Participant: 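I have a structure here, written as structure tokens, and I will follow up with some questions on it.
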Amino acid sequence: MFTPVRVRLQMRLLILRILLKLGAGPERIYYVGGSEALPPPLTREEEEFLLERLPSGDEAVRSLLIERNLRLVVYIARKFENTGVNIEDLVSIGTIGLIKAINTFDTEKKIKLATYASRCIENEILMFLRRNNKVRVEVSFDEPLNVDWDGNELLLSDVLGTEGDTIYRDIEDEVDRTLLYGALEKLSDRERRIMELRFGLAGQKEMTQKDVADLLGISQSYISRLEKRIIKRLRKEFNKMI
Amino acid sequence: METNRSVCMICERECTEGIHILTQFICLECEQDICRTNVEDDLYDYFVGRLRGLWIDVLNLDKEEANGSTLS
């Protein structure tokens with residue numbers, strides 16, 4: 001049945017789809033502390049209408065569901081303001097939680113979107129705070145273990161492995177190479193391509209991050225972050241193989 | 001007809017597929033990347049830093065506060 005709300009939402013979705021096609025995003029700016037506010041939350045009928053369409057993968061539907069739940073992000077983020085993390089970071093982390101919530105929400109399950117999204121947003125912020133706390137209790141390589149009579153500090157890094165402890169042998173290199181190519185198979189096409197270009201794994205010359213970024217049309221800083229993540233993943237794959 | 005593209009606020013590429021949040025655009029690939037990333041991931045802080053761009057106007061903070069990120 002076409003109620004006025006449904007017709008209005010159909011129109012809103014249509015406009016949003018056209019804007020997406022034209023590459024022109026909405027030009028509204030909302031201020032939490034100003035005269036204008038964030039977009040209002042969805043009514044029950046509006047939410048039902050959009051959730052019916054969520055499984056179809058419609059980007060306009062996801063856009064609207066995320067945008068209209070941003071107040072929830074601010075509300076939850078404000079509860080963590082006394083943790084020392086500034087509000088901009090908290091709402092950004094909350095947004096990641098909200099994006100994950102909309103992408104993983106199961107419309108078949110009898111749970112309200114606001115309940116599920118709240119849990120995802122809060123969980124995302126809590127995980128971040130836990131990580132930050134963990135980082136603080138980690139020991140630094142420059143941690144002084146002892147101080148002699150002259151005041152010279154013995155650092156943790158002084159007693160860790162030195163170059164003399166490292167053994168290079170051809171056979172080890174060969175094994176490493178086999179492991180590396182095995183681990184590369186586990187990467188996505190884009191990730192493997194970045195590694196091949198950066199380190200010349202496909203037999204060609206190594207390329208700089210900037211060259212790879214230009215070639216793939218991605219910013220250099222993003223390549224740098226992707227590279228770090230890929231290397232971490234490769235390490236994990238190595239550990240599984242050994 | 002040639003389809004116009006939007007610039008993704010995460011990877012800065014011009015893309016056609018993705019989501020619009022307020023005045024910003026996130027391409028489909030980055031949206032999926034965000035969903036796969038957890039707090040331990042090196043990319044996580046990058047995403048948080050980029051998403052600050054979404055909120056800088058919304059929160060209407062003064063510049064001094066906006067520059068004081070707790071992330072490295």
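Numbered from 1 within each chain, the chains take letters A, B, ... in sequence-line order. This is a predicted model, so every value here is computed, not measured.
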Participant: Indicate yes or no: does A:R225 engage B:D33 in a salt bridge with an N to O separation below 4.0 Å.
Facilitator: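 Here A:R225 does not pair with B:D33 in a salt bridge, since their nearest N and O are not under 4.0 Å apart.
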Participant: Drop me the distance from B:L22's CG to A:L38's CG, to the nearest 0.5 angstrom.
Facilitator: 6.5 Å
Participant: Need one label for A:I223: side chain, backbone, both or neither, based on atoms under 4.5 Å from any heavy atom in chain B.
Facilitator: neither
Participant: For A:I231 and B:D42: C-alpha separation, side-chain torsions, deciding distance, then whether side-chain contact (heavy atoms from CB on, under 4.5 Å) applies.
Facilitator: CA-CA 10 Å; A:I231 290 171; B:D42 285 328; over 6 Å; no
Participant: CG/B:L43 to CZ/A:R229 distance, rounded to the nearest 0.5 angstrom?
Facilitator: 4.5 Å
Participant: What do the steps show when you test B:T16 against A:E59 for side-chain contact (heavy atoms from CB on, under 4.5 Å), and what is the final call?
Facilitator: CA-CA 11 Å; B:T16 48; A:E59 290 156 3; over 6 Å; no
Participant: Find out whether A:M127 and B:N38 are in side-chain contact, i.e. whether some heavy atom of one side chain is under 4.5 Å from a heavy atom of the other.
Facilitator: no
Participant: Between CG of A:N103 and CD of B:Q32, what distance do you get to the nearest 0.5 Å?
Facilitator: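 A:N103 atom CG to B:Q32 atom CD measures 7.5 Å (nearest 0.5 Å).
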Participant: Give the intermediate values and the outcome of side-chain contact (heavy atoms from CB on, under 4.5 Å) for residues B:Y46 and A:S224.
Facilitator: CA-CA 10 Å; B:Y46 177 78; A:S224 165; over 6 Å; no
Participant: Is it true that A:R190 and B:E29 have a side-chain N and a carboxylate O under 4.0 angstrom from each other?
Facilitator: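 Between B:E29 and A:R190 there is a salt bridge, with a charged N closer than 4.0 Å to a carboxylate O.
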Participant: Could you grab the distance from atom CZ of A:R131 to atom CG of B:D41, nearest 0.5 Å is fine?
Facilitator: 10.0 Å
Participant: Decide yes or no for A:I99 and B:C35: does some side-chain heavy atom of the first lie under 4.5 Å from some side-chain heavy atom of the second?
Facilitator: yes
Participant: Working to the nearest 0.5 angstrom, can you tell me the gap between A:E88 CD and B:I56 CD1?
Facilitator: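 Rounded to the nearest 0.5 Å, the CD-CD1 separation comes to 4.5 Å.
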Participant: Between B:I34 and chain A, with a heavy-atom cut-off of 4.5 Å, which part of the residue counts as in contact: side chain, backbone, both or neither?
Facilitator: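 The answer is both parts of B:I34.
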Participant: B:W55 versus A:I87: any side-chain heavy-atom pair under 4.5 Å?
Facilitator: no
Participant: In sequence, state the C-alpha distance, the side-chain angles, and the governing distance for A:I93 and B:F47, and then conclude on side-chain contact (heavy atoms from CB on, under 4.5 Å).
Facilitator: CA-CA 9 Å; A:I93 295 158; B:F47 288 143; over 6 Å; no
Participant: Kindly indicate whether the side chain of A:I96, heavy atoms from C-beta on, has any atom under 4.5 Å from the side chain of B:T37.
Facilitator: no
Participant: Is it the side chain or the backbone of B:E12 that comes within 4.5 Å of chain A heavy atoms, both, or neither?
Facilitator: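 Looking at B:E12, just its side chain touches chain A.
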Participant: At a 4.5 Å cut-off on heavy atoms, which part of A:K232 comes close to chain B: side chain, backbone, both, or neither?
Facilitator: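 Contact with chain B involves the side chain of A:K232 alone.
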Participant: Is any side-chain heavy atom of B:R52 closer than 4.5 Å to one of A:N86?
Facilitator: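 Contact flag for A:N86/B:R52 side chains = yes.
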Participant: Does any heavy atom of chain B fall under 4.5 Å from the side chain of A:I218, the backbone, both, or neither of them?
Facilitator: both
Participant: Atom CZ in B:F25, atom OG in A:S63: separation rounded to 0.5 Å?
Facilitator: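 It comes to 8.5 Å.
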